[in-house]
Each structure stands twice: as C-alpha cells, then as structure tokens.
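Single-structure report; data block below.
Start at 1 with the first residue, then count along the sequence.
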Amino acid sequence: MGGQPRIVVTVTSEGVVSAETRDVFGEGCLDYVAVLEDLLAARTVHSAYTADHDRAAVPVRQEQRDVERA
C-alpha cells in the first residue's frame, strides 16, 4: 500500500546517520541524496536501492457512471 513519499533518518548512539526513502519509486529516490547531504552537512558513504526502486506507483482510478435500473 503506497503512501506519501517520506524519508526516515536514524541517528545511532555512536553518531552514525542513516536515511531511507519510503514510497519513492524508481530513480526518484536519487533526488533526495543531495538534499540529505546538504541538510545533514554530510557526504554519502554507502547507498543502495530499497525495494521501492523496482516498484511502480499504482495510479488511483475512480469512475462514476450513471446506471439505469431495468
């Protein structure tokens, strides 16, 4: 089930910062790397794709139809 795109940032007791995008599909997650580096005044040491990379957003389709009763 998809939701709003978000970023989960975790800081360990040793001061290690990690971040993961959620509900960001395809290559869109790469746009967040530079933003996170700027916000955290840090540089990326390791990155990997999440399962969302290979998922596609499912468009919500809603139709309204008038049906005559027989």
Side-chain angles (χ1 to χ4, degrees):
M1 173 182 285
Q4 290 291 325
R6 56 199 164 121
I7 300 171
V8 177
V9 178
T10 305
V11 181
T12 67
S13 58
E14 292 84 27
V16 176
V17 178
S18 64
E20 178 181 341
T21 58
R22 299 214 179 137
D23 295 319
V24 178
F25 305 109
E27 300 292 319
C29 60
L30 298 177
D31 296 338
Y32 291 92
V33 174
V35 173
L36 285 167
E37 287 180 336
D38 287 343
L39 287 172
L40 299 170
R43 66 179 178 84
T44 301
V45 175
H46 172 77
S47 66
Y49 292 117
T50 65
D52 285 341
H53 178 264
D54 294 329
R55 284 186 16 197
V58 178
V60 175
R61 182 175 172 190
Q62 186 174 10
E63 291 184 19
Q64 183 175 356
R65 296 179 185 230
D66 292 329
V67 179
E68 292 183 29
R69 292 191 168 238

Next item on the list: Kindly write out the residues that satisfy side-chain contact (heavy atoms from CB on, under 4.5 Å) with V11, not counting sequence neighbours, or none if the list is empty.
Entry: V17
Margin query: Taking transitive links into account, so neighbours of neighbours count too, which hydrophobic residues share a cluster with L39 at under 4.5 Å side-chain distance?
Written below: V35
Item checked: Residues which pass side chain to side chain donor-acceptor pair (under 3.5 Å) with T12, listed by chain and number, not counting sequence neighbours -> E14
Item checked: Pairing residues for V45 by the side-chain contact (heavy atoms from CB on, under 4.5 Å) criterion, not counting sequence neighbours -> R43
Note to self: Applying side chain to side chain donor-acceptor pair (under 3.5 Å), can you list everything that pairs with S18, at least two apart in sequence or on another chain?
What the structure shows: none
Checklist line | Path from I7 to L40 over hydrophobic side-chain contacts below 4.5 Å | finding: yes
Checklist line | Pairs involving residues 28-40, ordered by first then second residue, that meet side chain to side chain donor-acceptor pair (under 3.5 Å) (sequence neighbours left out) | finding: E37-T44
Margin query: Quick check: do D23 and R6 have side-chain heavy atoms less than 4.5 Å from each other?
Written below: yes
